[in-house]
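This report concerns only the one structure given below.
The structure presented is a predicted model; accordingly, all values stated were derived computationally and were not measured.
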Amino acid sequence: MLTLGERLKFLRTIHNKTQAEIGEIIGVGQSVISNYENDITVPRTQNLVVLARYFGVRVAYLIGDSKSMYEKGKKYIISQKIPLVSHDTVLDLPKFIVTEASEYIQAPIIEEINADIFAVKIMWQGREAILVAQRGEKKSKLVLCDKEGSVQVLTREQAKKEKYRILASMLFVL
């Protein structure tokens, strides 16, 4: 079973945070977080609660009393780097979209989502927006589709009715 220090380090790492950043959250220095992660000292109860809330996990998980990170039925969200691709790339949707990425952006991603996610900048609702989408059959109301050679966001029903090629399911807008 993992120790509190190992679990804290794991959570900090998947959230892409430094020891100093985590220390700021609970009002301690980087060396204190290092001591927690190396199981030299343990956080006060109040700090455990703050850390658990920050990471979106149960205190019982953090202290090693449970294997379950979160309550049943609650999705665990982490910030993850995903590829940002161009409009043209979305129209072609290469097999390995990450090789077509112009850069990577941080986005909150539910852990069950697979690697077929990407982001694209397009004009949507009168402004430039970054849309996060997933290839494959995902039951979302909005989809990215190829509408006469340009990427558009439509409802799934509208895209099917007008016979536009559905490129991906829209997950959210950044």
*Non-hydrogen atoms of Arg58 and Ala52 that approach each other most closely*: C-CB, 4.2 Å
*Considering all heavy atoms of both residues, which atom of Leu8 and which atom of Phe55 are nearest to each other, and what is their separation?*
CD1-CE1, 3.7 Å
Under 4.5 Å between side-chain heavy atoms, hopping through other hydrophobics if needed: is there a path connecting [X] to [Y]?
X	Y	answer
Val90	Met123	no
Val42	Tyr36	no
Leu62	Ile40	no

Roughly how far apart are [X] [atom1] and [Y] [atom2], rounded to 0.5 Å?
X	Y	atom1	atom2	value
Asn38	Glu6	CG	CD	10.0 Å
Thr89	Leu167	OG1	CG	11.5 Å
Ile166	Arg135	CD1	CZ	15.5 Å
Gln158	Arg156	CD	CZ	13.0 Å
Ile33	Thr18	CD1	OG1	9.5 Å
Glu162	Glu148	CD	CD	9.0 Å

*Close side-chain approach of Pro43 to Leu4, heavy-atom, < 4.5 Å*: yes
*Just by modelled atom types, is the Lys9 backbone N or O under 3.5 Å from a matching donor or acceptor in the Thr13 side chain?*
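It does hold such a pair.
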*For Leu91, does its backbone N or O pair with a side-chain atom of Arg165 as donor and acceptor, under 3.5 Å?*
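Indeed, once roles are kept as given, a pair shorter than 3.5 Å links the two residues.
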_Considering only residues two or more places apart or on different chains, which pairs with a residue in residues 28-46 satisfy salt bridge (Lys or Arg N to Asp or Glu O under 4.0 Å)?_
Arg12-Glu37
*Residues clustering with Tyr164 (ILVMFWY side chains joined when closer than 4.5 Å, directly or via others)*: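 Noted: Tyr164 shares its cluster with Leu154.
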*Does the pair Leu144 and Val153 meet the rule for a side chain to side chain contact (heavy atoms under 4.5 Å, CB included), with working shown?*
CA-CA 5 Å; Leu144 293 179; Val153 177; 3.6 Å; yes
_Show, in sequence, the C-alpha distance, side-chain angles and deciding distance for Tyr54 and Ile22, and conclude whether the side chain to side chain contact (heavy atoms under 4.5 Å, CB included) test is met._
CA-CA 9 Å; Tyr54 176 78; Ile22 298 303; 3.9 Å; yes
*Would the number of heavy atoms belonging to other residues, nucleotides or ligands and lying under 6.0 Å from CD of Glu157 be above 12?*
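No, not enclosed.
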*Candidate list Val120, Leu84, Leu171, test side chain to side chain contact (heavy atoms under 4.5 Å, CB included), partner Val132, passing option*: Leu171
_Full working for side chain to side chain contact (heavy atoms under 4.5 Å, CB included) between Leu142 and Thr155_ = CA-CA 4 Å; Leu142 297 176; Thr155 64; 4.0 Å; yes
